[in-house]
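Here the structure is laid out as structure tokens; the discussion comes afterwards.
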Amino acid sequence: MEWRMVEATGTETVTGRFLMGRRRSQLTADDIGALDDAAQNVRTLPARTLMIRAGERVTVSTMLLEGFICRYMDDREGLRQLVAIHVPGDFVDLHGFPMEMLDHDVATLGPVKIASWPHAALARVMEGRPNLTRMLWFSTLLDAAMHREWIFRLGRLGAEGRVAHLMCELNTRLEMVGLAADGRFALPLKQADLAEACGLTGVHVNRVLRSLRERGLLLFRNGVAEILDRRALAALGEFDSAYLFPDDLRKD
């Protein structure tokens, strides 16, 4: 797979989806305004673009505004394992602020729009704003909670359960930011991407999707996912949305 680097263009207000559905109400108007004002380099990138390479020094943190971004690692044979999928409103590499580098690659899945915050600007924004600092920390802790759940999914669930869990998670996260309704959402992932997120082969994922469709649980075609039986799909994937810390703490 070929990844392409693209230059930045443009700036605009960006943080409208940050922490939506997950304690955004705890951000003050000053917090939001300061974070917006410090944003730089709003830009668009095409699909399959490498954004950050593992081991490179990072000096900015990035928020996803539109589209989907993945974090991934390659084994010695060049086979990819997705370790995270980001949706609009997510900081995709905020942990790079204190760590100054990443131990994994970051790339777009479909076309995206992103914004960047130089680490020096983030440091200035957080000075004298303990609440904003705490909420940025909270956003990185959400990433950690999702990582733990992904470990559980890969370690304890069968093939159908893994796909079911991932689809339930993405549906819930996209609902939080207003990009999913009635179990239906855009998802520009290939079956190979699902395989790499679920630790399966492409052939196995194809069989799983066919089985879920035939059982009336899930449709996934032409870049659109539709959950047909939310309760049954969640049961199959042992999915409980509590680890996503939704405002209503509803357990689906």
Side-chain angles (χ1 to χ4, degrees), residues 15 17-24 26 51-52 54 61-73 80-99 102-110 112 114 134-157 159 161-180 183 185-189 193-200 218 225 227 230 233-252:
T15 60
R17 287 194 167 103
F18 179 52
L19 293 180
M20 272 185 66
R22 295 190 281 188
R23 306 187 188 180
R24 181 176 172 86
Q26 295 183 26
M51 297 172 56
I52 303 170
S61 289
T62 301
M63 181 180 289
L64 177 60
L65 308 183
E66 298 175 7
F68 293 82
I69 284 174
C70 68
R71 293 193 250 165
Y72 68 95
M73 303 176 75
R80 190 174 68 157
Q81 176 66 48
L82 268 60
V83 296
I85 295 175
H86 287 286
V87 305
D90 288 354
F91 264 110
V92 302
D93 54 3
L94 188 57
H95 50 293
F97 176 30
M99 298 177 75
L102 301 181
D103 57 0
H104 55 274
D105 297 326
V106 178
T108 67
L109 288 166
V112 303
I114 60 173
R134 182 174 63 88
M135 298 308 293
L136 291 171
W137 183 24
F138 173 66
S139 75
T140 65
L141 295 177
L142 289 174
D143 288 339
M146 286 187 282
H147 280 309
R148 289 189 291 272
E149 197 73 12
W150 278 46
I151 292 170
F152 162 77
R153 183 178 76 233
L154 292 175
R156 304 308 303 171
L157 298 180
R162 295 179 193 184
V163 174
H165 188 285
L166 177 62
M167 289 297 190
C168 288
E169 177 185 294
L170 290 173
N171 178 60
T172 301
R173 291 167 64 193
L174 290 166
E175 280 185 336
M176 289 175 177
V177 296
L179 295 174
F185 51 96
L187 188 64
L189 273 65
D193 299 322
L194 292 179
E196 291 165 348
C198 295
L200 303 169
L218 173 75
I227 297 175
R230 185 165 180 164
L233 194 69
L236 177 62
E238 299 187 31
F239 176 76
D240 183 331
S241 66
Y243 73 96
L244 297 173
F245 291 83
D247 281 340
D248 57 10
L249 289 179
R250 183 183 65 232
K251 295 184 178 182
D252 300 318

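Note that the structure is a prediction, hence the values are computed from the model and not measured. Note that these values count all heavy atoms, side chains included, but never hydrogens, waters or copies made by symmetry. In this chain, residues are counted from 1 in sequence order.
Atom CE of residue Met51 and atom CD1 of residue Ile114 lie 3.5 Å apart, to the nearest 0.5 angstrom. Note: Ile227 CD1 to Asn171 CG = 4.0 Å, rounded to the nearest 0.5 Å. Rounded to the nearest 0.5 Å, atoms CZ (Arg148) and CE (Met146) are 10.5 Å apart. Between the CD atom of Glu66 and the CZ atom of Arg17 there is a distance of 7.5 Å, given to the nearest 0.5 Å. Thr62 contributes atom OG1, which lies 10.0 Å from atom CG of Leu94 (distance to the nearest 0.5 angstrom). Rounded to the nearest 0.5 angstrom, Arg230 CZ and Cys168 SG are separated by 7.5 Å.
Electrostatic pairing of Asp105 and Arg80 does not count as a salt bridge here, judged by no charged N lying under 4.0 Å from a carboxylate O. Checked for salt-bridge contact, Arg173 and Glu149 miss the test: no charged N lies under 4.0 Å from a carboxylate O.
Arg162 approaches Cys198 most closely through the heavy-atom pair NH1-O, 2.9 Å. Closest approach of Ala197 and Ile85 over heavy atoms only: CB-CD1, 4.4 Å. Contact between Val83 and Tyr72 at its shortest, heavy atoms only, is CG2-N, 4.0 Å. Here the closest non-hydrogen pair linking Ser241 and Thr172 is CB-CG2, 4.2 Å. Annotation for Leu102 and Gly96: closest pair CD2-CA, 4.0 Å, computed over non-hydrogen atoms. Smallest separation of non-hydrogen atoms from Leu154 and Gly199: CD2-N, 3.8 Å.
A search for ring-ring contact (aromatic ring centres under 6.0 Å, His included) contacts involving His147 returns nothing, not counting sequence neighbours. With sequence neighbours excluded, the residues that form a ring-ring contact (aromatic ring centres under 6.0 Å, His included) with Phe97 are His119.
A donor-acceptor contact shorter than 3.5 Å is absent between the side chain of Glu196 and the backbone of Gln81. With hydrogens and angles ignored, the 3.5 Å screen pairs no side-chain donor or acceptor of Arg23 with any backbone N or O of Met135.
Cation-pi geometry between Arg153 and Trp150 is satisfied (NZ or CZ under 6.0 Å from the ring centre, within 45° of the ring normal).
Put simply, the side chain of Val92 does not reach to within 4.5 Å of the side chain of Ile52, judged on heavy atoms. Using a 4.5 Å cut-off on side-chain heavy atoms (C-beta onward), Phe138 and Gln26 make no contact. Counting heavy atoms from C-beta on, the side chains of Val112 and Ile69 come closer than 4.5 Å. Residues Leu244 and Met176 form a side-chain contact, since some pair of their non-hydrogen atoms from C-beta on lies under 4.5 Å apart.
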### Task
Go through the steps for Phe18 and Leu136 under the test side-chain contact (heavy atoms from CB on, under 4.5 Å), then give the verdict.
CA-CA 10 Å; Phe18 179 52; Leu136 291 171; 3.8 Å; yes

### Task
Evaluate the criterion side-chain contact (heavy atoms from CB on, under 4.5 Å) for residue pair Phe68 and Val87; output intermediate values, then yes/no.
CA-CA 5 Å; Phe68 293 82; Val87 305; 3.9 Å; yes

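Shown are Asp143, Asp90, Asp103; of these, the salt bridge (Lys or Arg N to Asp or Glu O under 4.0 Å) with Arg71 is made only by Asp143.
Between Phe239 and His165, the ring-plane angle classifies as perpendicular under the 30° and 60° cut-offs.
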